[in-house]
Amino acid sequence: MCGIAGIYRLDKTPLPAAAKEAVKIMCEQMVHRGPDASGIFQAGPVVFGHRRLSIIDLRGGAQPMQSQDHNVVITYNGELYNYRELACQLAQDGARFATDSDTEVILESYRKWGTRCVEHFEGMFAMAIFDAKQRSLFLARDRFGKKPLFYTIQNGCCYFASEISALSCLKELSLHLDQRAIVRFLAYEYVPGPETIYSEIQSLAPAHTLVVREHGLFCERYWDLPWPKTPKNDLRERCQHLFFLLQKAVQRRLVSDVPLGVFLSGGLDSSIVTALMAHSQTQPVKTFSIGFTEASYDESRYARLIAKTFGTDHHEEILSAEVCCDLLPKIIARMDVPMADASVAPTYLLSGVTRQSVTVALGGDGSDELWAGYENYAAMRLASFYNRWPACLRRGLIEPLSRHLPASQGYVNLRLAMQTFLNGAKAPDWLKIQRLLTSFAPHLLREILAPTFLSQMPGILRIDELFSSTKLEFFHWPEMSEAPALARAFHVYLRQYLPEDILVKVDRCSMLHSLEVRAPFLDRELAEFTSELPLSDKFQGLKGKWLLRKAVAKLLPKAIIHRNKRGFQIPVAAWLRGRLLPLVRELLEPRRLQEQGIFEPKAVSQLLEAHVTGGQDLRKQLWTIVVLELWLEAHAKQPAVHPW
């Protein structure tokens, strides 16, 4: 796993020697992504840079790497799990390899198949290839977007990097905060791609390639998940095939020349990965978990159960939430993108604990999106029944009663859960899944955003404008026009929430500790099989992962098989009323907000006081504002350099 950066001049004229220093500085911003080695390549219109975290072929595989005919050069971040099979195939066609690295296999694959080479790759990657004959730059990103890649076209050049921080350190780049992206961040808790927080920078979308030439940019999607189909085999056969694919996916991700481990939360997904890994090797699996002294947020007993069942070498750290709380400003400041997912903190801490023993960890990411693991799917199903009730019952009884439900600062807050459900139930079908996730509805944004700020973006608070990316994904496929809203919600989660929230969180938190994380559930074969299953195989009644649970029923303890989903969360509501309150008051001080010009100070103060006094639970809204303010404070002061 690595960090990549580069500059490509569109008119094909040679870059000045100082461009090499610029790329070197970009790479230095990402030392955490690759502390083991670095490299720079310059030739004609291109400069490539690389920071390496050595995983495969520790002695070889240095980057940037040139093909043996010197016509193609690559800088690449990721792992190809099928590189040895591809190497054998390419060798039969005459290719010769000087290393045992997957990087050289990518080079030879490009030489054979051109830009279609990505269709042959199984793994996670973000790459840049300069083709001297074609005089073009080729950028590509893996199918689910596990590895990041950002770019901007300025000064007659294409600049690219694994992190926005590497681009923002160059003074010759003109970067401005995107006001619409700020509003969408408040609505989504992340900035939905391909937009970024800066107007001039874009993210290359998952499963896309980008060819950059003098006369234009050519972007293309090379893969997508299939839609559900009627099964051709019976339930028993589907369970057997699913189990086989799970084994294969885990086995593929054990390719490494450095120690591996598992993120073990004690939930179903990480327990499956741990069990299959334990069955595939003779040495005890190294497992890692963290817990909290706050009982309602602690799951460590389930992780210990799995560790004992499979005899793992278990590493556990129980933290006081106060320790986690005190680290939050530092964690948010180190993130190159703002994101208000509160599980960033425990993910960051878990990555740090894991990196003390191993360089690579497997995790359960992607299962909840593919197998309907989130409680929001149950909420969508309940909403379809709730909306059939008479309006007088809904508005006259249920909604008033919801405001009197007991509130809690713990993991389960009945009042907040019911209010979130009602907000989602009222939304149109295409918006329901997002409204069950989001912090701010348009009417709340209108209250807390400064009028002068909003006046610069006419129409931004229209629902179909604010949530345009959700609507685009929901209605993306014409053949799904008759599909139920719940089936389309899977598509939104997979194409939006997974790559823009979950995978960003895991990538940034792990790479800040120079740790590589692999996701077996996002194996292409496994994901395609899962995607083709009917909705009933994934979700029955109000419980998700139905077929998955059946397929591994004999593998895991019953206590794990029948567990409900628990998020990796922290007691944000209590912190905002206690330990974090002095920092929050400082960040949201009216004069400071007035000078900044984004928020309406009085409305934000009212929001904060309503939460602090216990009148309302506004943890999500306040946390989203606080994260934005912490991120802006850290990154607005970042010094820029001007090397050429």
Side-chain angles (χ1 to χ4, degrees), residues 2-27 30 34 38-52 61-78 80 90 95 98-99 101-118 120-121 125-142 147-162 166-167 170 202 204 208-220 222 644:
C2 310
I4 65 173
I7 304 172
Y8 171 69
R9 179 167 272 172
L10 275 64
D11 66 5
K12 307 174 188 176
T13 58
L15 284 166
K20 185 175 182 179
E21 184 64 22
V23 173
K24 181 180 178 183
I25 291 170
M26 291 166 74
C27 289
M30 303 183 291
S38 63
I40 299 286
F41 171 88
Q42 180 170 13
V46 68
V47 182
F48 279 179
H50 190 264
R51 291 293 323 187
R52 187 183 187 196
Q63 295 188 53
M65 180 183 289
Q66 278 187 288
S67 60
Q68 293 181 32
D69 63 5
H70 300 289
N71 286 324
V72 182
V73 63
I74 183 174
T75 184
Y76 150 67
N77 168 28
L80 286 196
L90 292 163
T99 71
S101 70
D102 54 350
T103 308
E104 192 174 13
V105 172
I106 294 174
L107 276 175
E108 291 301 319
S109 297
Y110 177 83
R111 292 182 68 221
K112 180 175 176 61
W113 295 300
T115 60
R116 311 308 303 182
C117 64
V118 290
H120 298 265
F121 298 157
F125 54 83
M127 65 182 70
I129 294 175
F130 172 61
D131 188 324
K133 283 187 175 181
Q134 297 291 328
R135 304 287 283 181
S136 64
L137 175 69
F138 173 64
L139 304 178
R141 197 168 173 212
D142 65 67
K147 294 293 102 184
L149 188 57
F150 300 95
Y151 68 95
T152 181
I153 307 295
Q154 296 189 44
N155 309 320
C157 296
C158 175
Y159 300 75
F160 66 87
S162 296
L167 296 169
L170 296 182
Q202 282 198 303
L204 182 62
H208 277 71
T209 60
L210 179 69
V211 177
V212 183
R213 292 194 176 98
E214 182 178 7
H215 49 281
L217 279 65
F218 304 90
C219 194
E220 181 182 12
Y222 64 86
W644 63 288

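Just so it is clear, the values below take in all heavy atoms, side chains as well, and ignore hydrogens, waters and symmetry mates. In this text, all values refer to a predicted model and were calculated from it rather than measured experimentally.
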Electrostatic pair E214:R9 at N-O distance under 4.0 angstrom:
no
Answer yes or no: is there a side-chain heavy-atom contact under 4.5 Å between P45 and R135?
yes
Keeping the roles fixed (side chain from H50, backbone from Y76), state whether a donor-acceptor pair exists under 3.5 Å.
yes
Reported NZ-to-CD1 distance for the pair K20 and I25, which is rounded to 0.5 angstrom:
13.5 Å
Working note: T152 + C158, criterion side chain to side chain contact (heavy atoms under 4.5 Å, CB included); need CA distance, chi angles, decisive distance, verdict.
CA-CA 6 Å; T152 181; C158 175; over 6 Å; no
Contact between R52 and S38 at the side-chain level, heavy atoms closer than 4.5 Å - yes or no?
no
For Y222 and H208, what are the C-alpha separation, side-chain angles and deciding distance, and is it a side chain to side chain contact (heavy atoms under 4.5 Å, CB included)?
CA-CA 6 Å; Y222 64 86; H208 277 71; 5.5 Å; no
From CG (N71) to CD (Q66), nearest 0.5 Å:
9.0 Å
Report the C-alpha distance between Y159 and L170 in whole Å, list the side-chain angles of each, state the deciding distance to 0.1 Å, and finish with yes or no for side chain to side chain contact (heavy atoms under 4.5 Å, CB included).
CA-CA 10 Å; Y159 300 75; L170 296 182; 4.1 Å; yes
Least distance between heavy atoms, V72 atom then L107 atom:
CG1-CD2, 3.6 Å
Please report the shortest heavy-atom distance between A95 and E108, naming the atom on each side.
CB-OE1, 3.8 Å
Flag the pair V212 / L10 as yes when at least one side-chain heavy-atom distance between them is below 4.5 Å, and no otherwise.
yes
Beyond-backbone contact of V73 with M65, side-chain heavy atoms, under 4.5 angstrom:
no
Indicate yes or no: at least one non-hydrogen side-chain atom of F138 is less than 4.5 angstrom from one of T209.
yes
Can you list the residues that meet the salt bridge (charged side-chain N to carboxylate O under 4.0 Å, His left out) rule with E104, with sequence neighbours excluded?
none
Determine whether L149 and I4 make a side-chain contact, defined as any pair of heavy atoms from C-beta on separated by less than 4.5 Å.
yes
Least distance between heavy atoms, I7 atom then L15 atom:
O-CD1, 3.6 Å
Gap between atom CE of M26 and atom CZ of R51 - 0.5 Å precision:
14.0 Å
One pair to check against side chain to side chain contact (heavy atoms under 4.5 Å, CB included): T75 and F130. What are the steps and the verdict?
CA-CA 9 Å; T75 184; F130 172 61; over 6 Å; no
Give me the ring orientation class for F48 and F41: parallel if the planes are under 30° apart, tilted from 30 to 60°, perpendicular past 60°.
tilted
Which pair of heavy atoms, one from A166 and one from A161, lies closest together, and at what distance?
CB-CB, 3.7 Å
What I'd like to find out is whether the side chain of F125 reaches to under 4.5 Å of the side chain of I106, using heavy atoms alone.
no
Minimal non-hydrogen separation, G78 against D102, with atom names:
O-OD2, 4.0 Å
Does a side-chain heavy-atom distance below 4.5 Å link M127 with F121?
yes
